[in-house]
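Computed from heavy atoms alone, side chains included, the values below leave out hydrogens, waters and symmetry copies.
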Amino acid sequence: NPISISKHFPQYFGCTYGEYMRRLRINKSISLIQKTSLSLTEIALECGFSDQSHFIRTFKEYTQFLPKNLKAYRQISFYFEQIHFQTFVF
């Protein structure tokens, strides 16, 4: 029974079913930001958010920063990895 599951869910997971699902979606979005070149809109839809705005609000609520900052960090990090790699290749 869905109501029984929802009622007892916090006992086993320490959060509501809705919070648990949002955490899963945010974790999936972090992985997609780090591993793909999808736009934030595409990532939002892929993770089950109704639109990019809702995704960004939820992402910031759970991580304390914006998804575009993580995406920019990934690009900067990749850039420096390439420089580092090129510097030491003979």
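- Scanning for side-chain contact (heavy atoms from CB on, under 4.5 Å) contacts around S53 gives D51, R57, with sequence neighbours left out.
- Under the side-chain contact (heavy atoms from CB on, under 4.5 Å) criterion, Y62 pairs with E19, R22, R23, I26, T58, sequence neighbours left out.
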Donor-acceptor list for residues 3-14 side chains, cut-off 3.5 Å, not counting sequence neighbours:
{"residue": "H8", "atom": "ND1", "partner": "Q11", "partner atom": "OE1", "Å": "3.0"}

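- Taken to the nearest 0.5 Å, the OG1 atom of T16 stands 11.0 Å off from the CE atom of M21.
- Pairs engaging residues 21-48 under the ring-ring contact (aromatic ring centres under 6.0 Å, His included) rule: none recorded [sequence neighbours left out].
- Contact record, K28 with E46: NZ-O, 3.3 Å, taken as the closest heavy-atom pair.
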How far apart are the C-alpha atoms of F55 and C47, what are their side-chain angles, what is the distance that settles it, and do they pass the side chain to side chain contact (heavy atoms under 4.5 Å, CB included) test?
-> CA-CA 9 Å; F55 165 60; C47 294; 5.6 Å; no
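- F65 and L40 end up in the same hydrophobic cluster when Ile, Leu, Val, Met, Phe, Trp and Tyr side chains are linked at under 4.5 Å.
- Looking at P67 and I43, their side chains never come closer than 4.5 Å, going by heavy atoms from C-beta outward.
- One distance of note links CD of Q64 with CZ of F59; it measures 11.0 Å at 0.5 Å rounding.
- Looking at I30 and T63, their side chains come closer than 4.5 Å, going by heavy atoms from C-beta outward.
- By the side-chain contact (heavy atoms from CB on, under 4.5 Å) test, K60 pairs with L66, sequence neighbours left out.
- Considering all non-hydrogen atoms of both residues, L70 and Q34 come closest at CD1-NE2, 4.4 Å.
- Under the side-chain contact (heavy atoms from CB on, under 4.5 Å) criterion, T41 pairs with S39, L45, Q52, sequence neighbours left out.
- In this structure, F49 and H54 have perpendicular ring planes: the angle between them is above 60°, well past the 30° mark.
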